[in-house]
Amino acid sequence: MMVVDAHVHFFSHRFFEILASQKPGLTIDMVREKMVRQKLDWEFPPTRPADLANQWVRDLDRHGVHRAALIASVPADEASVIAAARTHPDRFLTFAMVNPRSWNPESLGGIRAACLFPSMHAYSMHDDLVRPVFEWASQGPRAVFVHCGVLSVGVRGKLGLPAAFDLRYSNPVDLHDMAMRYPQVPIIVPHFGAGYFREALMLADLCPNMYLDTSSSNRWMLYQEADLDLRQVFRRALDVVGPKRLLFGTDSSFFPRGWHYKIFEDQATALYELDVSAADAQGIFGENLLRILPH
Ligand SMILES: [Zn+2]
């Protein structure tokens with residue numbers, strides 16, 4: 001089976017530089033030192049994105065993963081994933097976090113999906129400032145990824161950076177208007193809505209351009225009223241959204257852990273137990289993403 005991971009964070013050197021610049025007095029050297037001293041189980045990345053890309057390719061090869069969508073995980077780091085994809089054009093798709101308040105499409109050459117984090121940057125999906133992002137995507141094939149639900153960014157906490165995210169901007173229902181205005185733009189909501197499973201399903205039921213990514217440990221299942229396990233989550237998502245609009249992802253991010261095999265194993269087991277057909281599984285594990293973002 002071909003496996004394409006729709007959700008891998010590319011924690012580049014530049015990513016840490018930008019994070020460090022967000023806290024007065026913090027430098028990249030201090031970040032490196034902190035990571036080493038605190039024995040954070042995280043390796044500090046190589047300076048060149050191409051070297052980090054090589055490290056990812058070695059790890060993907062080890063697990064038999066064909067491709068991964070690499071997410072530049074802070075605004076203004078898109079050059080890192082573009083460089084990674086230039087080094088390995090057959091292995092990576094390029095996603096980039098953007099802040100629509102500092103929207104600069106010129107820097108996004110080669111980016112396939114703009115990633116919005118409304119609760120992180122405190123704007124509503126009803127605000128006119130998100131329109132240019134959808135305009136850009138409509139000239140694609142490109143996608144818009146919108147993080148909804150609970151957001152925690154582990155690395156920010158580890159580095160002592162503020163993480164004052166505003167949950168009021170995190171409901172997938174707020175995407176309805178944009179999804180209707182731009183029916184040709186695929187919109188990806190990660191982690192099955194990260195706590196807004198019901199709302200994500202409602203939206204996907206109404207809008208054929210809505211996609212759900214399956215990534216992470218899906219710890220949000222704890223918020224559900226009824227006891228829910230991954231198998232039931234997939235069952236419900238398959239019933240409402242169908243097999244063509246689910247995108248497998250892991251939410252892998254750092255080394256030495258690298259590609260998060262356990263997430264794959266858990267999801268593959270759940271789908272196996274649900275007796276999902278090989279064709280549907282192939283869609284979820286890779287074909288769906290490559291269909292909406294053809295090479
Ligand atoms: Zn993620």
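Every number for a ligand or one of its atoms is a count from 1 in the order of the listing. Hydrogens, waters and symmetry mates are skipped; everything else that's a heavy atom, side chains included, is used.
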Which of the N/O/S atoms in His7 sits closest to the Zn ion (ligand 1)? NE2
From His147, His260, His191, residue fulfilling ring pair (Phe, Tyr, Trp, His ring centres under 6.0 Å) relative to His7: His191
Under 2.8 Å from the Zn ion (ligand 1) - does any N, O or S atom of His9 fall there? yes
Exercise: identify the closest heavy-atom pair between Tyr223 and Gly195: CD1-CA, 3.9 Å
If I consider every N, O or S atom in Asp251, which one ends up closest to the Zn ion (ligand 1)? I only need its name. OD1
Might you work through the side chain to side chain contact (heavy atoms under 4.5 Å, CB included) test for Leu19 and Val31, ending with a clear yes or no? CA-CA 9 Å; Leu19 282 189; Val31 168; over 6 Å; no
If every non-hydrogen atom of Ala72 is compared with every non-hydrogen atom of Val81, which pair is closest and at what distance? N-CG1, 3.6 Å
